Number of protein chains: 2
Amino acid sequence: MKNQENLAKIRHTLAHLLAAAVLEIYPNTKNTIGPAIDTGFYYDFEFETPITEDDLKKIYKKMLQILPNWTGFTHKEVSPSEVREYFKNNPYKLELIDEILEKGEKITLYTSGNFTDLCRGGHSENPNKDIAKDSWKLDRIAGAYWRGDEKNKMLTRIYGLAFESEDALKDYKNQKEEAQKRDHKKLGHELDLFTFSELVGPGLPLWTPKGTLVRNLLDDFVWSLRKEYGYEKVEIPHITKKDLYEKSGHWEKFKDELFRIQTREGHEFAMKPMNCPHHTQIYARRMWSYRDLPQKYANTTTCYRDEQSGELAGLSRVRAFAQDDAHVFCRLSQIKEEVLNIWDIIHKFYGVFGFSLIVRLSTHDPKQMNKYLGSEETWQKSEKMLAEVLKEKDIEYIDGLGEAAFYGPKLDFMAKDSLGREWQIATIQLDMNMPERFDLFCINEKNEQERIVMIHAAIMGSIERFLAILIEHTAGIFPLWLSPIQIKILPISEKQNDKALEIHNELLKNDIRSEIDLENNSLGKKIRTVKQTKIPYYIVIGEKETESNKFGLENRSGDKEEGLDIDKIVEKLIGEIKTKS
Amino acid sequence: MKNQENLAKIRHTLAHLLAAAVLEIYPNTKNTIGPAIDTGFYYDFEFETPITEDDLKKIYKKMLQILPNWTGFTHKEVSPSEVREYFKNNPYKLELIDEILEKGEKITLYTSGNFTDLCRGGHSENPNKDIAKDSWKLDRIAGAYWRGDEKNKMLTRIYGLAFESEDALKDYKNQKEEAQKRDHKKLGHELDLFTFSELVGPGLPLWTPKGTLVRNLLDDFVWSLRKEYGYEKVEIPHITKKDLYEKSGHWEKFKDELFRIQTREGHEFAMKPMNCPHHTQIYARRMWSYRDLPQKYANTTTCYRDEQSGELAGLSRVRAFAQDDAHVFCRLSQIKEEVLNIWDIIHKFYGVFGFSLIVRLSTHDPKQMNKYLGSEETWQKSEKMLAEVLKEKDIEYIDGLGEAAFYGPKLDFMAKDSLGREWQIATIQLDMNMPERFDLFCINEKNEQERIVMIHAAIMGSIERFLAILIEHTAGIFPLWLSPIQIKILPISEKQNDKALEIHNELLKNDIRSEIDLENNSLGKKIRTVKQTKIPYYIVIGEKETESNKFGLENRSGDKEEGLDIDKIVEKLIGEIKTKS
């Protein structure tokens, strides 16, 4: 924590230093604001004439020149007239000063070397000593509206990177480079998993045969886990009359993101942004005895949200996404067991991919009961059940006081990927609101109507978003079971084509996704293609193999097992596929 | 053909007889028109005071009274003034007369007994002799707008049934009764396959666990057939920018049935009424060598059409329907083989359900080339390919001259169900239009761009509609492989619950969909429930079975195999499931 604070001070100090350097080189520039951020700092300027990224070198050099003179900060409180006089040529600062005065706060100026800025403090004590050599650099420039409002003037933002040490900066740069190499938009195209069409529109991915296969394998995996816990599949339309969402409350809550439809008869419909209201209507089709509960409905189905074009990004933010959704309709007394089941499904699923999971218990804030539906007692009861699950699992978890949904507490899961990045993924939510609104009940042992509870539980969340994470996590090197092509057969010359086809067909017959390369290319080129497309295994078929009927099985890391007959190869691959290893 | 003509004459004559009877009983009634129809006849009247179905008896009796006096028809051509005078109190007839005169046609009156009507002829020569005893009856009354236009007055339509003989009428009545018993809306509810919700809206079925299972089993079956022919699954969003459909021509053609969406940014989108335009965009994502063709994309996905509320009916006519769609992108030279493949898939699929298929070759009409896209030469070439398929298959087919789609010829398949009703089901369509509009090509042997062809091929068409047909065809008695519950285990008393559970779990472990009845009911009641819910098999577990570990396997027709051990039962059921027998 101490280190984080120090780092923030250094980053803030570097923002000042950046402004000082810019003003020395371009005296007519108007400096505005410059905070510390997660990876360093930035400062926004209004330049007299635009600068380019090439100019960053010059500015960096100037910062290095100034730094030795910065051995501390002094500050003083100033009167409104004094500070207005000081910044009289800078309308941005004058606007900030007005705001500070309006709030009745004091105005302070901080100075180091020859540079003075309007500031609240929080700098390193001795910049020249505290800022480690080569632990920072200027990164890039970007356009930024004054105060983030597109109605205001566009300013020039200079970004800098800053870390504790030269090594930490290097690590960050490496990680960023690696992340760029793993960018799912780039890899998704190279692996031919999905495509976008100008005619269909942005945010609406079209899935190629390979991408569809991967999606279905993932979805089938989730289903195989759910099936063991007694889930059943249901299916629903992608639209509904407005009435459903008025009753559920989504019409009001999701107003902006709803794709709305006006029918030819003048009725108002909407595309579904989630599935719970539809699923309540399947539950509500008949009366249920307590003996029939829980009812567990699973449904992988596309949801639609009218996202703004500017916010769309590859598969991470789309307008159409498939949710691997499930809803458990159960009694209060069944919550714990059902949550434990979902917990297991989540851990089995993410475990296979080597994600480590972090859990947060998101509870209500008893001081703000007006934010929630239901009584304090019901909240305590249901939170206790989630806490019991955590206790039974005996793991560390994050305390998310006040992070509950308005209808109930939840368990949120975050996955850490191979680059150390954290992603919010699955959640388990208790919902006492929807059953109330849709009057869902069962007939209990006393022959009375008993209000039931809903548990919402998506495992991947959105297949699109999960796939974006998975592609970047694995750098597109999918495990065997998930690879669209699992093995490639490479005859050395045309003479081996028959044997190659025989092997290829034998693999296909055993449901192994084999591909054969019959092009008239050199073996070297064939192997390079295999590696580029990240196919897990390949078999080279030459004269020796054709005669002996023994083959070498080579994987993408270069490991090779020699002298295997085809049955052995099939057995080995099927074993690996089954265990998802 | 001759018989059909005679029957039409009899039906037409009975319409006259009906009008004669009505006018004798209710002299102030205005009779309008009364044609022969498929199952008999009707006549539309404006009654002074409304009648009810109870009145049909009286009218029928009057018809029987009049009939002996009807031994022939006389007719005469009349002048406009004469006929206007004759019908001066009947504005409907006057309207018809004006229309006939406008077309420059002659006006004839036909008379039998005391009844004269405006008519073009086509009656039986001697009604009293020709109309077989008890071969006809009055059926029901219904409201009908004059000339079918809802802006006109509502008239009373009286329907009659009429067939060649008393037996034929009985057969029809039995078939109709049977069809009512088999009504998929009724059975779908009883079998708990689907439901509708007022809040979600009409024409938008929600699929229960059992219904979803049946849908998926059907879809998986189609997929297993397609997979053998090298199809690959793809996936697409349910919406698109208007641009896609402007380019494909669907925006204009499907205008009224499109669910349209206005996005928050003001763009116009639509829900897809079919999948071909989306699929072209998956094909168009990259360049293809002729060696890569055919590309065969399969995709079961929901389509949406803004049908009018009044036209919706159960699963037969819905607003959301899942198409088991596929598109083959291939060269002209590959059409025949691909069509043969689809032909096989269709026959394998429908064969399993015992539907017999009738084929129609729907070709272009060379005299109306303005109705079609493309040259006469291209049409002849592609029709020749379809004809070759039919020749190779050596079957009788219906000649559908002029029945082609505007973009190409097709093979249409009709299925005959167990009640003898015919349903239009699968089609195979050649499409030379869409590839042109979307500029789809491959690079051929000469390294030139070559225009490709699309083949559209849905097997079930819409899963909803197919399921409606299948439910009525089977009366809900699904074959074992398609039954949501395949076997039920019935312990005679609580003492056998453990053994029953053991058997139940053994079946589940072998992926047989078993259910166990642990209710505290008599065996008789348990068996009745099994039969009501049409479960294919059940096993009764009593003391004898518990001790001997040998069981009786009984099916819903009452056949029973005694003394089987559980392995034998599993083997038998799995065999039956695999062969879909």
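Order of the sequence lines fixes the chain letters, A, B, ..., with proteins taken first and strands second; residue numbering starts at 1 for each chain. Just so it is clear, the structure is predicted and the values come from calculations on it, not from any experiment.
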Asks: Would one find more than 12 heavy atoms of other residues, nucleotides or ligands at under 6.0 Å from atom NE2 of B/His267?
Replies: yes

Asks: Please flag which part of B/Lys247 lies under 4.5 Å from any non-hydrogen atom of chain A: side chain, backbone, both or neither.
Replies: side chain

Asks: Please rank B/Arg285, B/Lys233, B/His238 by heavy-atom pairs under 4.5 Å with chain A and give me the top one.
Replies: B/His238

Asks: Quick one: of A/Asn299, A/Val318, A/Leu508, A/Thr195, who has the most non-hydrogen atom pairs under 4.5 Å with chain B?
Replies: A/Thr195

Asks: Please look at B/Tyr245 and chain A and tell me whether the side chain, the backbone, both or neither of the residue comes under 4.5 angstrom of a heavy atom of that chain.
Replies: neither

Asks: Under a 4.5 Å cutoff for heavy-atom pairs, which residue among B/Ser309, B/Pro202, B/Gly211, B/Pro205 has the most contacts with chain A?
Replies: B/Ser309

Asks: For B/Glu198, does the CD atom sit with more than 12 other heavy atoms under 6.0 Å from it, leaving out its own atoms?
Replies: no

Asks: How long is the straight-line distance from CD of B/Glu190 back to OG1 of B/Thr533, given to the nearest 0.5 Å?
Replies: 10.5 Å

Asks: For B/Arg260, which atoms come within 4.5 Å of any heavy atom of chain A: side chain, backbone, both, or neither?
Replies: backbone

Asks: Heavy-atom distance under 4.5 Å to chain A: side chain of B/Lys227, backbone, both or neither?
Replies: side chain

Asks: Cationic tip of A/Lys241 within the cone over A/Phe269's six-membered ring, i.e. under 6.0 Å and within 45° of the normal?
Replies: no

Asks: Heavy-atom cut-off 4.5 Å, strictly under: side chain, backbone, both or neither for B/Tyr304 against chain A?
Replies: side chain

Asks: Please state whether the rings of A/Phe196 and A/Phe194 are parallel, tilted or perpendicular, taking 30° and 60° as the class boundaries.
Replies: perpendicular

Asks: Above 12 or not: heavy atoms from other molecules or residues under 6.0 Å from CD of A/Glu494?
Replies: no

Asks: Are the side chain of A/Arg513 and the backbone N or O of A/Ser483 linked by a donor-acceptor pair below 3.5 Å?
Replies: yes

Asks: With a 4.5 Å cut-off on side-chain heavy atoms, are B/Phe438 and A/Leu199 touching?
Replies: yes

Asks: What residues form a side chain to side chain donor-acceptor pair (under 3.5 Å) with A/Ser248, not counting sequence neighbours?
Replies: A/His250

Asks: Can you tell which part of B/Leu258 gets under 4.5 Å to a heavy atom of chain A, answering side chain, backbone, both or neither?
Replies: neither

Asks: With a 4.5 angstrom heavy-atom cut-off, could you sort out which part of B/Glu519 is near chain A: side chain, backbone, both or neither?
Replies: side chain

Asks: Measure distances from B/Thr263 to the heavy atoms of chain A and classify the residue's part below 4.5 Å as side chain, backbone, both or neither.
Replies: both

Asks: What option among B/Gln262, B/His278, B/His279 has the most heavy-atom pairs under 4.5 Å with chain A?
Replies: B/His278

Asks: Answer with side chain, backbone, both or neither: which region of B/Thr208 has an atom nearer than 4.5 Å to a non-hydrogen atom of chain A?
Replies: both

Asks: Looking at B/Glu232, B/Gln295, B/Arg264, which has the largest count of heavy-atom pairs under 4.5 Å with chain A?
Replies: B/Arg264

Asks: Identify which part of B/Asp256 has an atom lying under 4.5 Å from any heavy atom of chain A, answering side chain, backbone, both or neither.
Replies: both

Asks: Tell me, out of A/Arg291, A/Met271, A/Arg286, who's got the most heavy-atom pairs with chain B below 4.5 Å.
Replies: A/Met271

Asks: Please state whether the side chain, the backbone, both or neither of B/Gln308 comes within less than 4.5 Å of a heavy atom of chain A.
Replies: both

Asks: Does A/Lys488 pair with A/Glu515 as a salt bridge, N-O distance under 4.0 Å?
Replies: yes

Asks: Heavy atoms only, distances under 4.5 angstrom: which of B/Leu204, B/Thr240, B/Asp243, B/Val200 has the most pairs with chain A? Name it, please.
Replies: B/Val200

Asks: Is B/Glu257 salt-bridged to B/Arg317, cutoff N-O under 4.0 Å?
Replies: no

